[in-house]
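Here is the structure we will look at, set down as structure tokens.
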Amino acid sequence: MLWEDFSNIFGATKVRTMYWTSWLQLDSPCMLEHVILPVELVFFVILLIQILRKSLNLIRKQNKVSDQGITEMDNPTVIKFGFAYKISIVCTILLLAVHASMFLLLNLNHETQCNSKLEAFTSEIIQVLSWGISLIAICKISKSNLFFHWILRVWWICSFIMSVISTTLHVNFSFTNMGQIGIREYADFIGFIASTILLIISSRGKTDIVLIAATNDISNPLLGEKTEKNSECKRESPYGKATFTQLISFSWLNPLFATGYKKALDQNDIPEVDIKDSAEFLTTSFSDSLRRVKEKDGTTNPSIYKAIYLFARKKAALNAFFAVVSASASYVGPYLITDFVDFLGEKETRGLKSGYLLSIAFLCGKMVETIAQRQWNFGARQLGLRLRGALITHIYKKGLNLSSRSRQSHSGGEIMNLMSVDVQRVTDFVWHVNVIWMLPVQISLAVFILHTNLGLGSFAALAATLAVMTLNIPLTKIQKKYQSKIMEAKDARMKATSEILRNMRTLKLQAWDTQFGQRIESLRKNEYNWLMKSLRQAALSAFIFWGSPTFISVITFWACMFMGIELTAARVLSAFATFRMLQSPIFSLPDLLNVIAQGKVSVDRIASYLREEEIQHDVIEYVAKDRTETDVVIDKGRFSWDPDSRSPTIDEIDLKVKRGMKVAICGSVGSGKSSLLSGILGEIYKQSGTVKISGTKAYVPQSPWILTGNIRDNITFGKEYDHDKYEKTVEACALKKDFELFSCGDLTGIGERGINMSGGQKQRIQIARAVYQDADIYLLDDPFSAVDAHTGTHLFKECLMGILKEKTVLFVTHQVEFLPAADLILVMKNGKIAQAGKYEELLKQNIGFEVLVGAHNVALESVLMVEKSTRTALDKIAEGESNIKPVHVQHDAAQDNPPENKGNEGKLVQDEEREKGSISKEVYWSYMTTFKGGILVPIILLAQISFQILQIASNYWMAWVCPTTTDAKPIFEMNVILLIYMALAIGSALCVLLRAMLVASVGLETAQTLFTNLLHNVLRAPMSFFDSTPTGRILNRASSDQSVLDLDMATKLGWCAFSVIEILGTIAVMSQVAWEVFVIFIPVTGICIWYQRYYTPTARELARLAQIQLSPILHHFSESLAGTASIRAFDQESRFAYTNLGLVDGFSKPWFHNVSAMEWLSFRLNLLSNFVFAFSLVLLVTLPEGIINPSIAGLAVTYGINLNVLQASVIWNICNAENKMISVERIFQYSSIPHEAPLVIEDCRPTKNWPETGTICLNNLEVRYAEHLPSVLKNITCTFPGRKKIGVVGRTGSGKSTLIQALFRIVEPREGSIIIDNVDICKIGLHDLRTRLSIIPQDPSLFEGTVRGNLDPLQQYSDTEVWEALDKCQLGDIVRDKKQKLESQVVENGENWSAGQRQLFCLGRALLKRSSILVLDEATASVDSATDGVIQKIISQEFQDRTVVTIAHRIHTVIDSDLVLVLSDGRIAEYDEPSKLLEREDSFFFKLIKEYSSRSHTFNSIE
């Protein structure tokens, strides 16, 4: 009989039979009824109550409908029943019939196991009634739900468990008492099948019912009230629509593979993620988890660990179930090996049927293992994706709400690491957490199998296993320390890298790029040291992993020898298989502890960040517009950037601004002007007082914040495009002319941080952004500093006093000429409002305001002094004609040329580089030969081959010398056998240690070399590269991709070779027994290779797209962090958060489908491997007895058990390595960046005193930023005489700053030349040029560190010289007031210093350097008139005998220049002495002077 064969197989040992019999003797005859009856009764009552309640509700609803006279025909619909719904009814009817039949059999006096017929009758009656009610519930309730009711699903799960117990006990009872299977048992089998199907349906839960509207044939799922609301936003996803079989086989991916095989996938080819995997759903769910933890614990800072638990527990529980099933099924093979070897020696007596049944049992175990393993792997990855999405969105939202103090304690680079590295580590932990549930199951089953075969010897194995696992604990503690240090070092490096990339223009202008690159290398060296320690410790763990089976087996066999337990071949082989299975939990423990250590560090870092102080959300009280006439009220306001500081930043602020008022805020540098605006915005910490606002706000910060994209998107800023409104805004902000010059008009692409726009253009774009918002209150922080005189006049008249005439405007300004038109002027001094009133009132008070006005008048007088040489022209200016209008267009021959053709070539930021097709062999070869030409690679392979040979030899030795039965004697003494085995095993373990150490060292050295190359290539890249490449792309390579090279790449690539070597060893062992296995193995291998080739194109592109889609997340976050004040001021947090959600989903799409594709391939490869293994077993069973040695055949089976894992691992490792190799490919992409000219050209080095006189000759100079962009400077030919002052003026965007960049060779001339003191600057090294020139740039840059470090980063000057420079640039007293003096802190971007103070720092650098040529690029744009006057005086004194080239919008700073160069549209409009230019009324310079002087008079009349 079939069952007898099974009994013989599974009861082969006396121990097992004895345990089973003794348990039955303790069993109660009615145990089944005693256990199951209460459960059945509880569910019967619950089901009955539920069906009655629903029926009553339905009756009431029908009565209500009939009373209202509404019939169902008003909305005719057709119900379409899904497969799950139909099969659930079929299975329920089947179970109802089964239990009804059993009830009838009991009535016919059919014998039962239970002695009490009452209990048996009761059990069957309740079953019949329960299934009857279940059938009614399915037919009636489920029509209005997308999911089956939870009570039904729980009932089906319990019925499955009861069916398993019932079937097992009834079959055993029948065999024990009757020796055969009866009707009851067959009915149990039918019920078991039906219960299994219902279990599957309950795990999925969906009914698949849809409503088809008869009117429009639109199908809508019956979602009920809650689901209907969400159905609109639900997106189509193949995974979401997949059937049960598709979910198991991952065949829902087939359409994607079909597309990917035909062509290279694009982002649009990838299906959407399921709604439950979307960022919006995940962030809502995680926020809900945080809220629940907060409510339960009663705390404002909920535990992120508890929130993650609540968020992930359901999916994690399902994954844990599959993981435990997979772990349990994996031990079926080792358990059955003893029986199989015994069978091979007793074929004639036991018959082939037993062998075939054993083969089926092996195969079933492998199939269950395959399905469960693939499901928990996929489920863990999916849960990791969900947690990643939730954490990234919360990190982003937190970034938008960080207070100023928190922002200073977390640099952009650190927060980027949280997103890119820490979140990834938490994702990895989610996968490894399943090992926690698998470990005890694996160890328990291993000990059970060993105890079955070796008796008390199993305890020696257990002790050895625990000893090895315990050894890993201190190693893990050390690893945790290393991981913390690695993250700290990585943070420091990324922080410095981010800062350098952000300020690259300053570094190149100052020739500091080499020194700052050395700082990065120094930080990397520290990171490298910790990485090396970590990897060496990991190599030691690998040695323990590979050596553990040997160590455990030696201990176990020695223990058996001392205990007198016979070691037969069958027992030894079963032990070998078990020890190899134990390898997984032993290795998993340190890996698990390591990942826990990494994960805990990362979660703690994220939790610390999420607990950081936020801005005060309740600092501003909003008042309805109809309840007040004042738009801004501050009462006794006291504000400080440092909440703990006793001395506030601004104090005693009392302010009332009525609707429509224009309020000007002025004062000296650092007086608190910007802080006052921040107080109104709620950006600065309010220590006391009240702030009330009525209406919406718009804000223009002092430092322009421009988003990557195009100009129109920057102006509309989320508002719907209104053509008329847009045109008025653009006209008022003087952008029309700029649009005509741009290649694509207002659709021209803007580089990162507006890098390809001039300072004035950036300022006007963000003013236009504010105007377009049509807000009630406008806060403008020094809006006129970056624009020239006539543009400033236009902005003031047409924008502030024109389009914003009815609006409330508070504007900070240093331009005194705009003050008379203000309704209220606030004079700030030392953080307080020193004076407040109208222009005339403040002049009469004579307590400070006149100092600012006086400085302006002095500057104005310097302009009027030119009257001596050009009296006629100046008389016309002094008359202050009322019909004067700002000049926007210069009519000269230079403008006759039309602008460049518009087209796509105007796009500055190009799409990220992405290779297509397979990764080239050159990439692999370059990687492997980077370190010492790859000389160590053969040694690594030789070590692995030696390990494999020695390991097989040791196992072969034990199988050969051990007897096949307990009666036979071994060939050698057991001592000799074990000593030889131990020698072979130790040799193999040492080979592993050598291989692991070499892989760790070679891999890290290679990563270090590639990092150094990447750093040098990026630092040597021209500025055009940084203009067109978002920082996020570079940071992504320096962070995520570099991390792959540091920790994963060498290991993954090594495993490709190691797994091939291992499977070749397995095939060699199996071929020793039955070469016929190649008949099936070769074609199956061919199929595997075909699958791999079919899979690779899709997976490769998915991995590339996932890498590319990560950069926009980081880039968007970086931009958002830089503009948090603007985002909050415009109330745009939700829009930016939504954009982030879209970017997260954009990354999730390829990432999710990539990990799914891996499981798709693994599932198919595992099935094929299982087929080969089953064929091998059948072959061994079929071969006649005596042809093969049972011991060697058993060894083949021992190795064959892992064949599916090995065969899949070969393909898996190749695919995984290729996916990881994409990171190498991406880093290699930046190794071919075009370099700037050499830093030093030895053959063309200038003399030490060059430039001596500072004469600059420009010959036919033409400059463009990129080949696909139009020329910015055209045919510039002129000479700047040495030791003269040259002023460069022109309309915003005319090419002034570009001329300066060409002088420093930031942009190389396309044509022409620049000669300084007879030296062509294009023929000398860049450092030789830039170190001899000084510049105060338009955008001041400060680095995180100290005051001294910012003035003298290269430590070239003494403290005395530094103090002298500080005093000259008006910062000496401010720095002396600070406790740490020169060591005072400068935070990231210099955010703890005002914009004016940052500009003064740059002046201090120039004063220290004292070059022969000084360039001032809007050097005093952000300081008040009084400070400007002092600075101009210092410059004229300190650089009296130097060449000074000044670009300025304040005309008085260039009026006393020796020569003035006027640029227009990139060409020379005028170039002469100021006095001569003023003699011509049609000259552009004349009009500028007239504009400047006239507006000082005319604005007095603007009210």
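- In this structure a side-chain-to-backbone donor-acceptor pair under 3.5 Å is missing from Asn503 to Thr506.
- Residues satisfying the side chain to side chain donor-acceptor pair (under 3.5 Å) criterion with Lys1052, sequence neighbours excluded, are absent altogether.
- A donor-acceptor contact closer than 3.5 angstrom is absent between the side chains of Gln1385 and Thr1346.
- Taking the ring centre of Phe1026 as origin, the terminal cationic atom of Arg505 falls outside the region bounded by 6.0 Å and 45° from the ring axis.
- Not a single salt bridge (charged side-chain N to carboxylate O under 4.0 Å, His left out) links Glu1383 to another residue, sequence neighbours left out.
- Applying the salt bridge (charged side-chain N to carboxylate O under 4.0 Å, His left out) rule to Glu613 yields the partners Arg405; only residues at least two apart in sequence or on another chain are considered.
- Scored by the side-chain contact (heavy atoms from CB on, under 4.5 Å) test, Leu1019 finds Ile500, Met504, Leu1015 as partners (sequence neighbours excluded).
- With respect to the salt-bridge test (charged N to carboxylate O, under 4.0 angstrom), the residues Glu527 and Arg524 qualify.
- Within 6.0 Å of atom OH in Tyr1138, 12 or fewer heavy atoms from other residues, nucleotides or ligands are found, so the atom counts as exposed in its surroundings.
- A donor atom on one side chain and an acceptor atom on the other are not found under 3.5 Å apart for Arg1226 and Gln1229.
- Using modelled atom types, one finds no donor on one side chain facing an acceptor on the other under 3.5 Å when comparing Asp604 with Tyr609.
- Side-chain contact between Ile615 and Tyr685: absent, with no pair of heavy atoms (C-beta onward) separated by less than 4.5 Å.
- In this model, a donor atom of one side chain and an acceptor atom of the other lie less than 3.5 Å apart for Ser406 and Glu612.
- Contacts classified as ring-ring contact (aromatic ring centres under 6.0 Å, His included) and involving residues 504-523 (residues at least two apart or in different chains) are given here: Phe516-Phe1343.
- For Tyr927 and Glu1225, the side-chain atoms include no donor-acceptor pair closer than 3.5 Å.
- For the 3.5 Å distance criterion, the side chains of His1115 and Asn1036 fail to qualify, holding no donor opposite an acceptor.
- Arg605 CZ to Leu418 CG: the interatomic distance, rounded to the nearest 0.5 Å, is 5.5 Å.
- Partners of Lys397 under the salt bridge (charged side-chain N to carboxylate O under 4.0 Å, His left out) rule, at least two apart in sequence or in another chain, do not exist in this structure.
- For NZ of Lys481, the number of neighbouring non-hydrogen atoms (other residues, nucleotides, ligands) closer than 6.0 Å is 12 at most.
- Looking at heavy atoms from C-beta onward, Ser1039 lies in side-chain contact with Lys490 at the 4.5 angstrom threshold.
- In this structure a side-chain-to-backbone donor-acceptor pair under 3.5 Å is missing from His1116 to Pro1112.
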